[in-house]
Amino acid sequence: MEFRSVRTVLPGDLVSVEASDIILGPGLMQNEESIICTKAGVLMKKENSWFIDSDQKRYIPATGENVVGRIIGKVGEVYRVDIGSAHQALLPFLAFENATKKNRPALNIGDLVYARISLANRDIDPEIQCTNLDNKADGFGELKKGFMLKCSLRYCRRLFSLKTQIMESLDKKLTQKGIEIEVAIGLNGRIWFCTEKVKHAIVFYNALKEAETMSDAELLEILFSLKTQIMESLDKKLTQKGIEIEVAIGLNGRIWFCTEKVKHAIVFYNALKEAETMSDAELLEMFKNLDRKF
Amino acid sequence: MSRHEPIGPQGLRQDGRRADQLRNINCKPSVLSQSDGSSYIEQGYTKCLAAVYGPRETRQKAQILHNKALITVEISLAPFSMSERKKRKKFDKRLLEIASAVKQTFEPIIMTNLFPRSQIDIFLQILQYDGGMTQICINAATLALIDAGIPMLEYVCACSAGIVEDTTILDLNNSEESLGIPELTVALLPQSQKVTLLQLETRLHVDKLESVTAMAIKGAKEVYKKLDKTSRDYIGDLLQKSNPT
């Protein structure tokens, strides 16, 4: 049975529940006889469990969650890792698969790691490990190259819970094109991904950023969105003519592009400017026929 | 001349408001992308921008509290905020006093015991000043803390009131403040009806205290209605958009 939303709440709102045996989740606190909401969000309930679905950027560590962290120092036998929480996390040298005193991990300051929180308590610094409970790597460890993006916690949780569906649909479509994307979703508001070509990374980044305010169904759609279609159609036709254009679309109202010849840049610029007032269908049509203008 | 009288013959103030009328409030949460929480609020012509960072690592080892989070408040008044351009020092006594009042207002309601040895920073920037500094700082900080998702027992609303020639007036603007009349700022917890801050400028006769306080509390409840509606609409929209259930 899914959780269902009750209403929007703000800190200080009282929740009236008749049942005597209820489980309170994040954001709810019991004060003598009454239950108070301490966070702003949507109150969710499932049988006797209640919690508040809220959004924030600052991560509060909890045991068992997977996080993406950046190494910021080495102290004695541990690495100090920034996971976006109030305190820096500790990653012992031995918390890697096949690590022994003589066989140390070769990580440097500035490297990214995907780890699991092994110990989290409000009074002490959190500890993380790059292995799962059976001491196997299981995907944890150093994240080489790639790009890390920061987003809200709630978005990461959604992506994490939908990950199997996303992975399946993406897997099928992208392997057809020979595009590989490696993704690591940290529940601390950080998503890391690595692609072979920069343009694929740009497309994926934009898709991820846009999808933050979409519903689950749209989320699965957008990850194979308009931009990829544009990329495909342009790619085929322009490489036939020996023209290469690299484009970066910023959601801050800036579009960057680079071509070899100035005249191609001028044609592309005019095309983009013209297309600003077109509908989605016309836009796609225009891009499909762009090669004719060259 | 009626221009210099705070209350004119028809019971209207200089800016056309009645004695118990608040200025127009416009507010918006989540205006900055780089901070954990932020808000922008306008009360009449007074405009304030708030940014909240935290809970994060404490900057100075000497200030770490072992059992709860440290709350720091920093207020700055932009040089272009008043009619004459004037660069204010960061450690201006008046600003420090107001920052300390804001800190005291939030200390009992933020659940600091959940984040020992960390720090919650509240930065307030006044972009335009037309009276009511303490109240707007508290209102802006409230919205920003809600946006940052920092657990609080309740949220605070503040309002100021004064008394001139035996009439209590609500929400003083700059020209009324500079008349030197007593101004009382009240910070109220609207659900539990408790007061977390009571601050008075100049002197007030004790017989008048009750009526001025009652007026300020009434104003704070009006502010609460506005902030409440804005926050609820914003949160509802945000979460509904990404998960219509």
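Quick note on labels: first sequence line is chain A, next is B, and so on, each numbered from 1. These numbers were taken from a predicted model, which means no experiment stands behind them.
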Using a cut-off of under 4.5 Å for heavy-atom pairs, which of [options] has the most such pairs with chain A?
options	value
S192(B), P116(B), S33(B), P151(B)	P116(B)
A69(B), P55(B), S231(B)	P55(B)
H66(B), E57(B), E154(B)	E57(B)
N67(B), N113(B), I120(B), I109(B)	N113(B)

Does K57(A) reach the main-chain N or O of Q34(B) with its side chain, forming a donor-acceptor pair under 3.5 Å?
no
Residue I60(A) versus chain B: region with a heavy atom under 4.5 Å:
side chain
Where on L10(A) is there a heavy atom nearer than 4.5 Å to chain B: the side chain, the backbone, both, or neither?
both
For atom OH of Y45(B), is the number of surrounding heavy atoms from other residues, nucleotides or ligands below 6.0 Å larger than 12?
no
Atom CG of N48(A): over 12 foreign heavy atoms under 6.0 Å
yes
Taking side chain as C-beta onward, heavy atoms only, is D125(A) less than 4.5 Å from R117(B)?
yes
So do R58(A) and I150(B) actually touch side chain to side chain, heavy atoms under 4.5 Å?
no
How many angstroms lie between atom CG of L114(B) and atom OG1 of T38(A), to the nearest 0.5 angstrom?
7.5 Å
Check whether S35(B) gets within reach of chain A through its side chain, its backbone, both or neither, counting any heavy atom under 4.5 Å.
backbone
Examine whether an atom of M152(B) lies under 4.5 Å from a heavy atom of chain A, and if so say whether it belongs to the side chain, the backbone or both; otherwise answer neither.
both
Would you say the side chains of Q56(A) and D36(B) form a donor-acceptor pair under 3.5 Å?
no
Exercise: identify the closest heavy-atom pair between [X] and [Y]:
X	Y	result
Q191(B)	D13(A)	NE2-OD1, 2.9 Å
G41(A)	I235(B)	CA-CG2, 3.6 Å
G236(B)	T8(A)	N-CG2, 3.8 Å

Highest number of heavy-atom pairs under 4.5 Å with chain B among H87(A), R7(A), K39(A), M29(A) belongs to H87(A)
Salt bridge (Lys or Arg N to Asp or Glu O under 4.0 Å) involving K229(B) - partner list, sequence neighbours excluded:
D233(B)
